[in-house]
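Everything numeric in this text was worked out from a predicted model, so none of it was measured.
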Amino acid sequence: MYRCKLAIKIFSRDDIWLSQIRKIEPLENFEYFPVVLSEFNPDEARKGDIVIIDVPVQESLANIRRLCKQNAFLIFCGSSGQADGLSKNDMESCSDIWMTPLSPQLVSFHFQQVFKQIKLRKDAYLTHTYLHTAMDSIPDLVWFKDIRGSHLKVNNAFCNAVGKTRSDVEGRGHYYIWDIEPDEYACGEYICLESEEMVLQARKTCVFDERVKSKQGMRQFKTYKSPLFDEDGELMGTVGVAHDVTDLGNMTVELEIILRSMPFAILVYDDKGRITDINRKFEEYFEVKPINVIGVDFEKWKKSILKNSKVNETGKIEVCLKNKGITRIVEISEEPIVDVFDSFIGKLCICRDVTTERTFEERLMLSANTDVLTGLYNRRYFYERIENCHAPQVSLLYVDLDNFKLINDLHGHQVGDDTLKTVGDILGFCCPDDLICRIGGDEFLIAMVEECNQRELEHKAAHILEEMQKVFDASENLKILSVSVGIAFSRDPKMHIDQLIKQSDLALLSAKRSGKSTILCLYG
């Protein structure tokens, strides 16, 4: 990380210095630039990282120290007598004192020791800078404590949380820093000291969920605490990192509230397909409790409910649920959940009650396809079904009431309407598997799409006449009624339904002309 160019200023008249320095292999990331001057020069001394005084000087060593760089090494070389003659102030101003005379080996040894000290100091400063910069770059709370619990080092996030400066925090204990009152301590509230003891006893990293009363109010922390050991393996303190999960916890609570209050059932599963959460509506719809489904494989659960399901026109699954006497149609849709990196982390399964919608749709469909009075299919639906059936044979029975106009004229339209409803019921009874429609007035069409012969068709028509006549004869108002039936059928796939209806209509007209209450088949 650093490159150190050491300016070595040697004030000496001895020629031993340069040769010995040049023999020393520079330490990693270091370069040495020695200069030997025979007389002391204050300007040169100011430039030196290492300043060696091996000549008589007028200045005191204390004054020379003040000339030098703040972290420069100031070394005095002299005899034992000269060293003993130094004042206390001068001795304290020196980084080291080398006793002369110096042999080449001693010169080399002393320099190597100085270089190692400088490197240690540089490395220590770099490590210190690394540590402080890293700590203050972390948004989480970071702290170091000694074995007694005093905070030796904290980061800015820690200071912000407690509302105190670093100088006010470092060296102080837990109670002062977090402003814990005696009664709070007695109640065991918001105390993190117990977890410190657990870490020291476990002698390994431990994770805790801790509540702390900070300057920003009550906060929830996910705390990681690790023991610190000295060179002999003895415990000397702990280091802690606390991640503030208060907002995340609040978001989780808010999300849970939202899920619980949703008007439809919700299930959440993770990227492994395991169910992680359900809401109350889900419990209600599927009659389950969280303990029964959380952790269960989603596909396995879904398979268990697909027995009464279908795929609707939008491609979503619909399930018919019956519980507590309530029948409910639920539409199931799945939405992926991704993280901030767009990586898949699960799915949100939404189960929406569409019973009302489907009931309304059925009513609309029924209204569009059926005759309002009789409840039979109408002409529009009849055409749609016949044109799309692609049957090997289509047979039509064209049914018409004889003398129906007299019912309306003699007894009124209400009796006429009731009569048509009765006719519709009788046709449904006689032809339960056939397509029956009222095409208008007192005219009805019955369509069969399976292969059958003329005799079978005439037999069915005769059954209809027989059942109708029973009802008419039993009513004083309806005794004047009878029924005529025209029959037509075709095995020609190219014949249009209009043509076949026309043939059955012609058969009906012929039946009426032949005396009413008659069956006639013109084509076969």
Exercise for the section: Give the intermediate values and the outcome of ring pair (Phe, Tyr, Trp, His ring centres under 6.0 Å) for residues W98 and F109. Expected result: CA-CA 11 Å; W98 295 352; F109 172 78; 9.4 Å; no

Practice task
Give the intermediate values and the outcome of salt bridge (Lys or Arg N to Asp or Glu O under 4.0 Å) for residues R328 and E284.
Solution key: CA-CA 11 Å; R328 182 182 284 114; E284 175 189 338; 3.5 Å; yes

Exercise for the section: Please report the C-alpha distance between S108 and Q20 in whole Å, then the side-chain angles of each, then the deciding distance to 0.1 Å, and finally whether the side-chain hydrogen bond (donor to acceptor under 3.5 Å, both in side chains) criterion is met. Expected result: CA-CA 6 Å; S108 178; Q20 292 305 310; 4.7 Å; no

Exercise for the section: Check step by step if side chain to side chain contact (heavy atoms under 4.5 Å, CB included) holds for E44 and L37. Expected result: CA-CA 9 Å; E44 289 295 321; L37 301 169; 3.5 Å; yes

Practice task
Might you work through the side chain to side chain contact (heavy atoms under 4.5 Å, CB included) test for K153 and M135, ending with a clear yes or no?
Solution key: CA-CA 10 Å; K153 195 178 292 294; M135 285 178 64; 3.8 Å; yes

Practice task
Could you walk me through whether Y224 and H243 pass ring pair (Phe, Tyr, Trp, His ring centres under 6.0 Å), step by step?
Solution key: CA-CA 8 Å; Y224 300 80; H243 181 60; 8.5 Å; no

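Taking D270 as the reference, nothing meets the salt bridge (Lys or Arg N to Asp or Glu O under 4.0 Å) condition, with sequence neighbours excluded. Residues satisfying the salt bridge (Lys or Arg N to Asp or Glu O under 4.0 Å) test with K119, not counting sequence neighbours, are D123. The ring-ring contact (aromatic ring centres under 6.0 Å, His included) test applied to F76 returns no partner, not counting sequence neighbours. Checked against salt bridge (Lys or Arg N to Asp or Glu O under 4.0 Å), D90 has no partners two or more places apart in sequence or in another chain. For S167, the side-chain contact (heavy atoms from CB on, under 4.5 Å) test picks out T165, with sequence neighbours left out. The side-chain contact (heavy atoms from CB on, under 4.5 Å) search around K300 returns D297, not counting sequence neighbours.
Contact of the R13 side chain with the V55 side chain is registered, since non-hydrogen atoms from C-beta on lie closer than 4.5 Å. A 4.5 Å side-chain heavy-atom check between F282 and E287 finds every atom pair outside the cut-off. At a threshold of 4.5 Å between non-hydrogen side-chain atoms, the residues D49 and K69 count as touching. Counting only heavy atoms from C-beta outward, the side chains of I64 and V57 approach each other to under 4.5 Å. Residues S333 and K316 form a side-chain contact, since some pair of their non-hydrogen atoms from C-beta on lies under 4.5 Å apart. Here the side chains of V114 and I75 are in contact, with some heavy-atom distance below 4.5 Å. A heavy-atom distance below 4.5 Å is found between the side chains of V268 and I337. Counting only heavy atoms from C-beta outward, the side chains of L267 and I275 approach each other to under 4.5 Å.
Between E196 and K145 there is a salt bridge, with a side-chain nitrogen of the basic residue lying less than 4.0 Å from a carboxylate oxygen of the acidic one. Of the charged side-chain nitrogens involved, none lies within less than 4.0 Å of a carboxylate oxygen, so that E283 and R280 do not count as a salt-bridged pair. Ionic pairing of K347 and E335 is not present here: no N-O contact between side-chain nitrogen and carboxylate oxygen is shorter than 4.0 angstrom. Under a 4.0 Å N-O distance rule, the pair K222/E210 does not qualify as a salt bridge. In summary, E197 and K225 do not engage in a salt bridge, as defined by a charged side-chain N under 4.0 Å from a carboxylate O.
Exactly one of L228, L200, I147 qualifies for a side chain to side chain contact (heavy atoms under 4.5 Å, CB included) with T238. That residue is L200.
The main-chain N or O of L102 is never found under 3.5 Å from a side-chain atom of T100 such that the two would form a donor-acceptor pair. Using modelled atom types, one side-chain atom of R121 and one backbone atom of N71 make a donor-acceptor pair closer than 3.5 Å. Side chain of S19 to main chain of I16: a donor-acceptor pair is present (N/O by atom type, distance under 3.5 Å, no hydrogens or angles). Put simply, the side chain of T370 never gets that close to the backbone of Y377: no donor and acceptor are under 3.5 Å apart. Between the side chain of D136 and the main chain of V154, no donor-acceptor pair closer than 3.5 Å is present. At distances below 3.5 Å, at least one donor-acceptor pair connects side-chain atoms of R65 with backbone N or O atoms of A72. For the pair S150 (side chain) and D146 (backbone), a donor-acceptor distance under 3.5 Å is absent.
Under a cut-off of 6.0 angstrom, the local environment of CZ in F344 is crowded, with over 12 non-hydrogen atoms contributed by other residues, nucleotides or ligands. Heavy-atom neighbours of E28 CD from other residues, nucleotides or ligands within 6.0 Å: at or below the threshold of 12. For M236, the CE atom sits in a packed shell: over 12 heavy atoms of surrounding residues, nucleotides or ligands are nearer than 6.0 Å. In the displayed structure, L120 atom CG is contacted under 6.0 Å by more than 12 heavy atoms of other residues, nucleotides or ligands. Residue-environment remark: CE (M99) exceeds the threshold of 12 foreign heavy atoms within 6.0 Å.
What you find for A45 and C68 is that their closest heavy atoms are O-SG, 4.1 Å. Heavy atoms only, all atoms of each residue included: V449 and I386 are closest at CG1-CD1, 4.4 Å. Taking all atoms of both residues into account, the shortest heavy-atom contact from L376 to C437 is CB-CA, 4.3 Å. Taking both residues in full, the closest heavy atoms of L74 and L61 are given as CD2-O, 3.8 Å, listed atom of the first, atom of the second, then distance.
Between F115 atom CZ and I24 atom CD1 the span is 5.0 Å, to the nearest 0.5 Å. How far OG1 of T127 is from NZ of K122: 13.0 Å, rounded to the nearest 0.5 Å. With rounding to the nearest 0.5 Å, the separation of CD1 in I317 from NZ in K310 is 13.0 Å. Once rounded to the nearest 0.5 Å, the distance linking SG of C77 with CD1 of I53 reads 8.5 Å. To the nearest 0.5 angstrom, L321 atom CG is 8.5 Å from C351 atom SG. To the nearest 0.5 angstrom, F264 atom CZ is 9.0 Å from Y285 atom OH.
Because its NZ or CZ atom is both nearer than 6.0 Å to the ring centre of Y176 and within 45° of the ring axis, K164 counts as a cation-pi partner of that residue.
Ring-plane geometry between Y269 and F298 is classed as parallel, the angle between the planes falling under 30 degrees on a 0 to 90 degree scale with a further cut at 60.
Side-chain contact, R166 with N156: a donor N or O sits under 3.5 Å from an acceptor N or O. When only modelled atom types and interatomic distance are considered, R66 and S60 share no side-chain donor-acceptor pair under 3.5 Å. Looking only at atom types and distance, the side chain of Y381 has a donor-acceptor partner in the side chain of R385 under 3.5 Å away. No side-chain donor-acceptor contact under 3.5 Å links N89 and S87.
Within the 6.0 Å centre-distance limit, the rings of F11 and F40 are counted as a close aromatic pair. The six-membered or imidazole ring of Y32 lies away from that of F111, with a centre-to-centre distance of 6.0 Å or more.
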